[in-house]
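Computed from a predicted model, the values in this text were never measured in an experiment. Chain A is the first sequence line, chain B the second, and so forth, proteins listed ahead of strands; every chain is numbered from 1.
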There are 2 protein chains.
Amino acid sequence: MRQDELTEIRALPLFRNMEAENFDRLFRGAYVQTFPQGVELAREGEMADFFHVVLDGSVELFANWNGRKSTLATIHPLSTFILAATIKNGPYLMSAQTLEKSRMILLPSTDVRAHFAADSGFARAIVLELAQCYRVVVKSHKDIKLRTSPERLANYLLRQSATAADPSSFDLKMEKKRLASFLGMTPENLSRSIKALNTHGVEIALNNVRIVDFNLLRDYAKPDDLIDNPTI
Amino acid sequence: MRQDELTEIRALPLFRNMEAENFDRLFRGAYVQTFPQGVELAREGEMADFFHVVLDGSVELFANWNGRKSTLATIHPLSTFILAATIKNGPYLMSAQTLEKSRMILLPSTDVRAHFAADSGFARAIVLELAQCYRVVVKSHKDIKLRTSPERLANYLLRQSATAADPSSFDLKMEKKRLASFLGMTPENLSRSIKALNTHGVEIALNNVRIVDFNLLRDYAKPDDLIDNPTI
DNA sequence: CGCTCCAATTGATATTTATCAAGAGCCTAG
DNA sequence: CTAGGCTCTTGATAAATATCAATTGGAGCG
């Protein structure tokens, strides 16, 4: 691992408060690796051998049951997965695969658990990270239980808009097929939901989203901080 | 707070590894209180003033949006809510109310955060608790995204059966209205799903569930440890 | 350039789920 | 008792969503 990479990683909230000696020891056993698109990094049911930190690219978390598949989340830099399985020394509840060429840190789970037990600064950082993860899932759960599928799409677009360079024109960051699965609908249904949003101030052509009337869209979507604000 | 209560609480995984002095200090500011049925203990959006540990009774966690309401979880002894909001010093994402007369510990959030920062044994216990909470929500999320509503009911019954004194005959622990909301369906739909399970080895009369053919029910429900096993 | 592949869309239809309305059963206060 | 209020159930219908089949339309490639 290069020195500038180590410096960058050392500055992450998760590692910032580790004692220097522990940080060095933990990262002696770490890998920084670049994976091509479509690599399966974790398979649900298997034991969590590695804790992952995404440095570049993106990772899809998904789950299967009875022949069905659902995308549960996508992870972007600089975020982590799947911490809870590592800490509990339990099986992954979700599978993970790269959506594009991605660079990430792999930390052996046993090392993470050892340092978590020995370094209280690290333990506290893990608490904050886990609390964050927990709240993200709760928000997703509220989203899917309280909203219809076009409502979920409308709010998704508002959330994307909030992080885009140009809030009124941006590109979808996923294939529509995957977006549909993430939003809990079929691809056919997503197509129809997209058309339905034309009457609520949104125009989607190919991968480009243009929000032509924010007030109209907000009136329909009714975004709520307790579901849609990623910072709280 | 009575001494025997304190001894019982001290033995909980969350507090077991706290230093004695810190435990005493934390519980000097604690309340143990008994609430009647239907008391709202937390309202979503408000700041987390207290961290709760349920000693007796049960608590419903639910959320509202746009005039709709959904039950997200029910908390039984000896479990906690809502830790993540307390740790992050953020707003509750869910509301909480007692489902029956319930006794619980209330710990001021500021005290919890202070001890979390100062006591590494406590910090580590919180990590494990949070990791557990996270995995519970992920399982719920998989349940609702991957299964139809009668499938969710069938698997719910199998999970209840696993904890019942008599696995083949037990009572529902909630009003059907609430169970319907928890399972993500309307009460009318729950009634119909219950009838539909007659052909899969289940008979429900009033509140009593009798599983007359486990193999038949399992064939239909296809329970999966990665969704239905609360211990992993 | 034309071919092929695959994602995306569209239309028709089926299934699932929700809504609305009515009735049955049960609990409890008076 | 019994009347009222509640949950639960049932039936009829509507709405939402999924499925199936066919077509469109890029993107990559020889």
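- Between the P atom of D:dT9 and the CG atom of B:Leu179 lies a distance of 11 Å, rounded to the nearest Å.
- Of the candidate nucleotides D:dT9, D:dT17, C:dA18, C:dA18 has the atom lying nearest to any side-chain atom of B:Thr186.
- Comparing C:dT9, C:dT17, D:dG11 by their nearest atom to the side chain of B:Lys195 picks out D:dG11.
- At least one side-chain nitrogen or oxygen of B:Ser149 sits closer than 4.0 Å to the OP1 or OP2 atom of C:dT17.
- Residue pairs meeting the ring pair (Phe, Tyr, Trp, His ring centres under 6.0 Å) criterion with at least one partner in residues 180-232 of chain B, sequence neighbours excluded, are B:His200-B:Tyr220.
- Rounded to whole Å, atom P of C:dA8 lies 12 Å from atom CD1 of A:Ile204.
- Atom CG of A:Leu183 is separated from atom P of D:dT17 by 12 Å (rounded to the nearest Å).
- Of all non-hydrogen atoms in A:Glu100 and A:Ser58, the two that sit nearest each other are OE2-OG, 2.6 Å.
- The NZ atom of A:Lys145 sits 15 Å away from the C1' atom of C:dA18 (whole-angstrom rounding).
- The closest side-chain heavy-atom distance from B:Ile232 to A:Pro91 is below 4.5 Å.
- Residue B:Lys177 has a polar side-chain atom (N or O) positioned under 4.0 Å from OP1 or OP2 of D:dT7.
- Of the candidate nucleotides C:dA18, C:dT10, C:dA7, C:dT10 has the atom nearest to the side chain of A:Ser191.
- The distance from atom CD of B:Glu151 to atom C1' of C:dT16 is 12 Å, rounded to the nearest whole Å.
- The shortest side-chain heavy-atom distance between A:Ser169 and A:Asn208 falls under the 4.5 Å cut-off.
- Here D:dC6 presents its P atom at 19 Å from CG of B:Leu206, a figure rounded to the nearest Å.
- Rounded to whole angstrom, the span from the CZ atom of A:Arg147 across to the C1' atom of D:dA15 amounts to 20 Å.
- For the side-chain contact (heavy atoms from CB on, under 4.5 Å) with B:Asp228, the lone residue among B:Arg159, B:Lys222, B:Lys139 that qualifies is B:Arg159.
- Atom pair B:Arg152:CZ and C:dT17:P shows a separation of 7 Å (rounding to whole Å applied).
- For C:dT17, the OP1/OP2 oxygens have no side-chain nitrogen or oxygen of B:Asn189 closer than 4.0 Å.
- Counting any heavy atom pair closer than 4.0 Å across all strands shown, A:Glu188 reaches a base atom.
- Checking D:dG11, C:dA7, D:dT19 against every side-chain atom of B:Arg192, the shortest atom distance belongs to D:dG11.
- Proximity note for A:Met185 (side chain, C-beta onward) versus C:dT9, D:dA18, C:dA7: the nearest is D:dA18.
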